[in-house]
Amino acid sequence: MRYLTIKRTKSFVGCLAKMKVYIEDPTSNEMTINNVPCRKIGDLKNGEEKTFQIDERAAKIFVIADKLSQSFCNDYYQLSEGQNNIFLSGENKFNPAAGNAFRFDNNESEEVAANRKKGTRKGLLIMLIAVIVGAIIGFLLSSGYLSGHLSDKAPEAKKFSSDGMTITLTDEFLKTDIEPYTVAYDSKNVAVWALKEEFTLADGFEDNTLEQYADLVIKANNFDSVEIKNVDGLTYFVYKSTSPETNAVYQYYSYVYKADDAFWLVQFATLDENVEKYTSQITEWAKSVEFSDQNIV
């Protein structure tokens, strides 16, 4: 056995938060960080120095803020195999896009630099997505957005298109504007919001899968117990929210798509009491989404 001592240099950045220390452990399923199985060995307060007993094998040491942000707010130090005791130091650095993450001192390998850059990109995307999804929820709950403008006639299928996305809804829908969404459509009982996230937002953004993009949205908004589903060629997740003004419960169906130049998040919202009536119809609308360079009026 040997001893690992880590000193967290006192800093105003993240001063109130305890950092969590994990060590690579192939036998553990406690947490996976950067695809590495890890187990927790302790916490570090601001300005604290702590010693941990570890074995002699080579292993990565991770310092994270919490489970929700560990995919982008982390730093690691590669320990070599050996018997000598080890001393490491570091501090939290100001970078909101990376969650003001802890950074080890004298840890400038290409692999570590790449991990830090990747984390900053991912954190920035999460910040953007959180603002955008937060806007839709706030607008819906505060304004009673499902306003309604139905006629007595039976609805007919109607195609709508904007910015390269085409969707088949019905003539009950009207196109509307909601910042910062790319396009939105309103009807009496269902609302649709579509967001185009171009690959140019961040280096490597286009390398994400649909599941990874959906996971970004979920983590950005701290949705609890939300499951990503893959059904009939569609990738999506479902969540609910309650209006603080009316106590009305809304259900959101959030579908993700990958076009040639961007990811798209297309969300359908309806009152919880209408879920049974509209679920199958929403699925059909989601299946109708296509991407091209042509816009239909």
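Side-chain atoms are counted along with the backbone in the values below, which use heavy atoms only and exclude waters and symmetry mates.
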Less than 4.5 Å apart, side chain to side chain, heavy atoms only: is that true for I61 and L4? yes

Under 6.0 Å between ring centres, would you say that holds for F263 and Y257? no

Working note: D75 + N115, criterion side-chain hydrogen bond (donor to acceptor under 3.5 Å, both in side chains); need CA distance, chi angles, decisive distance, verdict. CA-CA 8 Å; D75 202 34; N115 178 63; 4.7 Å; no

Cluster check I41, L44: I/L/V/M/F/W/Y, side chain < 4.5 angstrom: yes

Could you check whether any side-chain N or O of T270 sits under 3.5 Å from a backbone N or O of N274, counting only pairs where one atom can act as donor and the other as acceptor? no

State yes or no: are the ring centers of W285 and F173 separated by less than 6.0 Å? yes

Is the shortest distance from a Lys or Arg side-chain nitrogen in E91 or K93 to a carboxylate oxygen in the other one below 4.0 Å? yes

Quick check: is F102 connected to Y76 through a chain of hydrophobic side chains (ILVMFWY, heavy atoms under 4.5 Å apart)? no

So, taking the atom named CZ in R2 and the one named CD in Q83, what distance separates them when rounded to the nearest 0.5 Å? 9.0 Å

Distance, nearest 0.5 Å, that separates CZ of R116 from CZ of F104: 9.0 Å

Does the side chain of Q267 pick up a donor-acceptor pair with the side chain of S254 at under 3.5 Å? yes

Summary of salt bridge (charged side-chain N to carboxylate O under 4.0 Å, His left out) pairs that have at least one residue in residues 249-260, sequence neighbours excluded: none

Would you please indicate yes or no on a ring centroid separation below 6.0 angstrom for W264 and F291? yes

Looking only at atom types and distance, does a side-chain atom of D55 sit under 3.5 Å from a main-chain N or O of R57, one as donor and one as acceptor? yes

Are V266 and V275 co-members of a hydrophobic cluster defined by side-chain heavy atoms under 4.5 Å apart? yes

Quick one: does any side-chain atom of S187 pair with a main-chain N or O of V190 as donor and acceptor, under 3.5 Å? yes

P155 to D171 - nearest heavy-atom pair and separation: CA-OD1, 3.5 Å

So, K50 side chain and D43 main chain: donor-acceptor pair closer than 3.5 Å or not? yes

I need the full list of salt bridge (charged side-chain N to carboxylate O under 4.0 Å, His left out) pairs touching residues 261-281, with sequence neighbours left out, sorted by first then second residue. K196-D261, K240-D272

For N29, does the CG atom sit with more than 12 other heavy atoms under 6.0 Å from it, leaving out its own atoms? no

Which residue pairs pass the salt bridge (charged side-chain N to carboxylate O under 4.0 Å, His left out) test when at least one of the two sits in residues 4-26, sequence neighbours left out? D25-R39

Is the centre of the F237 ring less than 6.0 Å from the centre of the Y255 ring? no

Short side-chain to backbone donor-acceptor contact, T166 and S162, under 3.5 Å: no

For Y22 together with F62, are the ring centres under 6.0 Å from each other? no

Do any N or O atoms from the side chain of E30 and from the backbone of K40 form a donor-acceptor pair under 3.5 angstrom? yes

Report the C-alpha separation of F160 and Y185 in whole Å, then their side-chain angles, then the decisive distance to 0.1 Å, and conclude whether the ring-ring contact (aromatic ring centres under 6.0 Å, His included) test is met. CA-CA 9 Å; F160 297 87; Y185 305 101; 4.9 Å; yes

Cluster question for you: counting only ILVMFWY and a side-chain heavy-atom cut-off of under 4.5 Å, with indirect links fine, are I64 and L216 together? no

Rounded to the nearest 0.5 Å, the NZ atom of K67 sits from the CD1 atom of I33 at a distance of 11.0 Å

Roughly how far, to the nearest 0.5 Å, is the CD1 atom of I228 from the CG atom of L210? 10.0 Å

If you count heavy atoms of other groups shown closer than 6.0 angstrom to CZ of F87, is the number above 12? yes

Nearest-0.5 Å distance, NZ of residue K175 to CG of residue L169: 12.5 Å

The reported gap from OH in Y77 to CG in N106 (rounded to nearest 0.5 angstrom) is 7.0 Å

Let me check something: do V238 and V231 share a hydrophobic cluster, defined by ILVMFWY side-chain heavy atoms less than 4.5 Å apart, either directly or through other members? yes

Side-chain H-bond candidate by donor/acceptor type, N92 with S11, under 3.5 Å: no

Side chains of N230 and T235, donor plus acceptor under 3.5 Å: yes

